[in-house]
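Everything below concerns the one structure shown next.
Residue indices begin at 1 and follow the sequence shown.
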Amino acid sequence: MQTPISNPYTLDVTFRSFGEWQTWLAENKFAGDASHARAIGQRVLANGFVEPLTDRKVLSHEIEGSIENLRENLVFDGVNSRQRAVMYCLDEQLRTRSIMVKIYSPEAVTKLALRLRGRYPMFYGSEFTTNEQTRKTMFPIPQEDLTGLSFPSATFDFVMTNEVLEHVPSLDEALGEMARVLVPGGMHIGTHPFLFMREEGERKAKLLADGEIEYITKPEYHGDPFNSGGSLVFELPGWDILERAKKAGFKDAYFRFMASEQYAYLSDNTGIFVLYCVN
């Protein structure tokens, strides 16, 4: 039986540097205590939650997953905890906008992309592959390379990415392209695997001029809806992605470290890091 949630847990802190994060973390030890997050997760599983963007009341029996690896769990209709954090951030921006707002995302077939496409007629989602046979299989799904987008400059109001930036061969080129296709005042919102205890990230592979891949570490692959072998990880970003975003053309870049019991987004570190890059 569900019971109303009184004073549901919430966390929302903004960081613009590794130093700011370190200072805050030293004073808030709970962020390193998985038991704190799992207690919140247990309440979500017992009481359900409200889905951002759709305002759908999700009942406890509709939630899939467990309180292990909370960032990827607490799944409802194909959308997990970290994706709901991005949904919440988009929802904040979109509630006062026309449904004709222009949103681009390098994902077209995920449940989150389908939710957006169903609500916003100008949502444009794409996929990417270098395999010709897969390209044919994908048709008529649009295909775009995030390091060389086909759109005119200043086309979109928002760009959303979910666990994509780690897979592009050149993170800096991808950041530059997102800045280019966003209108002045436009915003990128997204998540990626984040080495949040390091200033610099970890380069894992390089795409060479001849098209060959140089593996710097043992190859790492993440799930890909069109490739059973997964998508190669080129780089796991650290805090320097904020300065790199500004060098790529954004006026501002920061992380929000967020958790919500009401909307069911959290991680084993309690909060989820959501990257904001503002034109």
Side-chain angles (χ1 to χ4, degrees), residues 8-33 36-37 40-41 44 49-53 70-74 79-97 101 103 105 107 112 116 157-166 171 174-175 178-179 182 185-199 201 236-246 248 250-279:
Y9 182 85
T10 185
L11 174 69
D12 191 350
V13 193
T14 297
F15 301 105
R16 284 183 165 79
S17 71
F18 184 29
E20 288 182 1
W21 161 249
Q22 288 178 302
T23 299
W24 182 88
L25 185 60
E27 299 172 354
N28 295 273
K29 301 292 187 182
F30 69 86
D33 181 4
H36 177 265
I40 302 168
V44 170
F49 62 88
V50 176
E51 184 177 70
L53 203 65
L70 281 163
R71 188 174 183 270
E72 303 298 317
N73 250 306
L74 303 178
V79 173
N80 63 23
S81 180
R82 64 168 166 77
Q83 291 170 312
R84 274 193 302 276
V86 174
M87 287 177 74
Y88 180 86
C89 294
L90 277 173
D91 194 17
E92 284 183 320
Q93 301 295 324
L94 297 176
R95 281 188 179 269
T96 58
R97 304 288 291 264
V101 63
I103 308 167
S105 181
E107 59 182 89
L112 177 51
L116 286 166
D157 301 294
F158 296 95
V159 173
M160 175 190 77
T161 62
N162 289 288
E163 312 296 276
V164 169
L165 298 183
E166 70 272 24
L171 175 58
L175 290 167
M178 290 191 293
L182 281 165
M187 185 179 295
H188 161 266
I189 299 173
T191 65
H192 57 269
F194 181 32
L195 301 182
F196 55 80
M197 294 307 295
R198 293 175 51 161
E199 178 65 37
L236 297 175
W239 281 92
D240 65 345
I241 192 175
L242 299 179
E243 287 304 313
R244 291 165 70 179
K246 287 185 277 189
F250 286 103
K251 291 182 179 179
D252 193 14
Y254 54 91
F255 281 104
R256 283 174 73 179
F257 186 59
M258 309 170 65
S260 171
E261 183 175 348
Q262 181 178 4
Y263 296 105
Y265 55 83
L266 65 158
S267 77
D268 290 351
N269 300 103
T270 301
I272 290 174
F273 284 98
V274 179
L275 174 65
Y276 278 69
C277 301
V278 185
N279 245 6

Item to check | Donor-acceptor contact below 3.5 Å, side chain R84 vs main chain M87 | outcome: no

Item to check | Distance, nearest 0.5 Å, that separates CG of L94 from OG1 of T96 | outcome: 8.0 Å

Item to check | Whether N279 side chain and L182 backbone form a donor-acceptor pair below 3.5 Å | outcome: yes

Checklist entry - How close do G271 and S267 get, heavy atom to heavy atom, and via which atoms? => result O-OG, 2.5 Å

Next on the checklist: I'd like to know if the side chain of T161 pairs up with that of H188 as donor and acceptor (distance under 3.5 Å, no hydrogens or angles considered).
Outcome noted: yes

Checklist entry - Roughly how far, to the nearest 0.5 Å, is CE of M197 from CG of N269? => result 9.5 Å

Item to check | E261 side chain to T10 side chain, donor-acceptor N/O pair below 3.5 angstrom | outcome: no

Next on the checklist: Minimum heavy-atom separation for F273 and F15, please, with both atom names.
Outcome noted: CE2-CD1, 4.5 Å

Item to check | Sub-4.5 Å side-chain heavy-atom contact between I189 and L90 | outcome: yes

Next on the checklist: Check whether S105 reaches the backbone of M160 with its side chain - one donor and one acceptor, N or O, closer than 3.5 Å.
Outcome noted: yes

Item to check | Heavy-atom closest contact (R71 atom, P193 atom, distance) | outcome: NH2-N, 4.2 Å

Checklist outcome for this item: Between F194 and P237 the two heavy atoms that sit nearest each other are CD1-O, 3.5 Å

Checklist entry - Any side-chain heavy-atom pair from L236 and H192 closer than 4.5 angstrom? => result no

Checklist entry - Can you list the residues that meet the side chain to side chain contact (heavy atoms under 4.5 Å, CB included) rule with A259, with sequence neighbours excluded? => result Y9, L11, L266, T270

Checklist outcome for this item: CG (N28) and CZ (F257) are apart, to the nearest 0.5 Å, by 9.0 Å

Checklist entry - Between R256 and E92, is there a salt bridge with N-O shorter than 4.0 Å? => result yes

Item to check | Test: D252 and K246 ion pair at under 4.0 Å | outcome: no

Item to check | Derivation of the side chain to side chain contact (heavy atoms under 4.5 Å, CB included) call for D157 and I103 | outcome: CA-CA 6 Å; D157 301 294; I103 308 167; over 6 Å; no

Checklist entry - Quick one: does Y276's side chain get under 4.5 Å of C89's, heavy atoms only? => result yes

Next on the checklist: Between D268 (side chain only) and L70 (backbone N and O only), is there a donor and an acceptor less than 3.5 Å apart?
Outcome noted: yes

Item to check | Residues D91, R95: salt bridge by 4.0 Å N-O rule | outcome: yes

Checklist outcome for this item: CH2 of W239 to CZ of F255, rounded to nearest 0.5 Å, is 6.0 Å

Checklist entry - Which distance, rounded to the nearest 0.5 Å, do you find between the CG of D240 and the CZ of F18? => result 11.0 Å

Checklist outcome for this item: Correct closest heavy-atom pair for A253 and A245 would be CB-CB, 3.9 Å

Checklist entry - Run the side chain to side chain contact (heavy atoms under 4.5 Å, CB included) check on L74 and N80 step by step: do they pass? => result CA-CA 6 Å; L74 303 178; N80 63 23; over 6 Å; no

Checklist entry - Distance from C277 atom SG to L242 atom CG, nearest 0.5 Å? => result 7.5 Å

Next on the checklist: Looking at every non-hydrogen atom in both residues, tell me the closest pair between R198 and G201 and how far apart they are.
Outcome noted: NH2-O, 3.1 Å

Item to check | Student check: side-chain heavy atoms of L165 and M178 closer than 4.5 Å | outcome: yes

Item to check | Contacts of F30 that satisfy ring-ring contact (aromatic ring centres under 6.0 Å, His included) - sequence neighbours left out | outcome: W24, H36

Checklist entry - Any ion pair linking E72 and R82 (charged N to carboxylate O, less than 4.0 Å)? => result yes

Next on the checklist: Applying salt bridge (Lys or Arg N to Asp or Glu O under 4.0 Å) to E243 and R16, what does each step give before you reach the verdict?
Outcome noted: CA-CA 9 Å; E243 287 304 313; R16 284 183 165 79; over 6 Å; no

Checklist entry - Parallel, tilted or perpendicular: which fits the ring planes of Y265 and Y263, with parallel below 30° and perpendicular above 60°? => result parallel

